[in-house]
Amino acid sequence: MLKDDESILIEGAQKMGINLQKEQIKKFSRYLELLSQWNQKINLTSLKTSREIIIKHFLDSISCIKVISKYIDTEGIRVIDVGTGAGFPGVPIKITCPSISLSLLEARKKKTIFLEKLGEEMNFQQVEVLNGRAEAFGKYPEHREKYDIALSRAVAHLSTLSEYCLPLVRVGGLFVAQKGRSYKEEIDKALKTVRLLGGELIGVENIRIPFINQERYLLVIKKIKDTPSKYPRKEGIPQKRPLYF
Ligand code: SAM
């Protein structure tokens, strides 16, 4: 990583109250290299410069850590990143909080091949890559209601996303969605769905990403009761026919 890029990463993290250690900076640097290499073969990100990747992927991903730790002790927790793509936000969070156990769930096989390779190169412990759709994993007994936190960024509207994520979260755990400025409208439309699926909105946190002036919000939803067994519905249905009431 070039010195200027490294400074952006270190300074940006510090602005969010995170002090990155040498080993972690090395990991981000390797991640950047691999992303750039693989992006020439498969479409992993539309961002072109290292600076953009550092700010809009790395810093954006770790921006939720301080907020989440207000709600739950993150030490050793089990986290699933639903629709992780090239590993966002899950991988930067794992680099920053190595004690978490992370499942990276992604529907597209090609992207999961990248994630497998990344895991090997970074020598990650307690990271598993899951290839398939959230609707299927939400039904499997080894994944249903097994996670302390389900996270997701840029995957679907809140109603659809709740049907992907809430079945995976244990009662007492959290579903955390990273959203842009349409968050209010999404909440209005999806609040009843969230409740139906066992969730309760307990926080809306405005986040600042260093070096850019874009609105970001974290919707923090607590799982307060079991998700009814008929959810999630069949693959594709939550997106085609979102549960709006
Ligand atoms: N979360 C990443 C990010 O913020 O850069 C990727 C965002 S990308 C726009 C959405 C990703 O979600 C795609 O890689 C897509 O294959 C995946 N995806 C969409 N629906 C999914 C589902 N039902 N189950 C698993 N993955 C899904």
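Counting starts at 1 for both ligands and their atoms, following the listed order. These numbers come from a predicted model, not from an experiment.
- Side-chain rings of Y31 and F58 approach one another, their centers coming within less than 6.0 Å.
- Residues satisfying the ring pair (Phe, Tyr, Trp, His ring centres under 6.0 Å) test with Y71, not counting sequence neighbours, are none.
- Scanning all heavy atoms of the two residues, the minimum distance from R144 to S229 falls at NH2-CA, 3.7 Å.
- Sorted by chain then number, the residues whose non-hydrogen atoms approach ligand 1 to under 4.0 Å are G83, T84, G85, F88, E106, A107, R108, K111, G132, R133, A134, E135, R153, A154, V155, Y164.
- Formation of a donor-acceptor pair under 3.5 Å by the S99 side chain with backbone atoms of G76 is found in this model.
- The list of side-chain hydrogen bond (donor to acceptor under 3.5 Å, both in side chains) pairs with a residue in residues 58-67, not counting sequence neighbours, reads D60-R153, D60-Q178, D60-R216.
- For K94, the side-chain hydrogen bond (donor to acceptor under 3.5 Å, both in side chains) test picks out no residue, with sequence neighbours left out.
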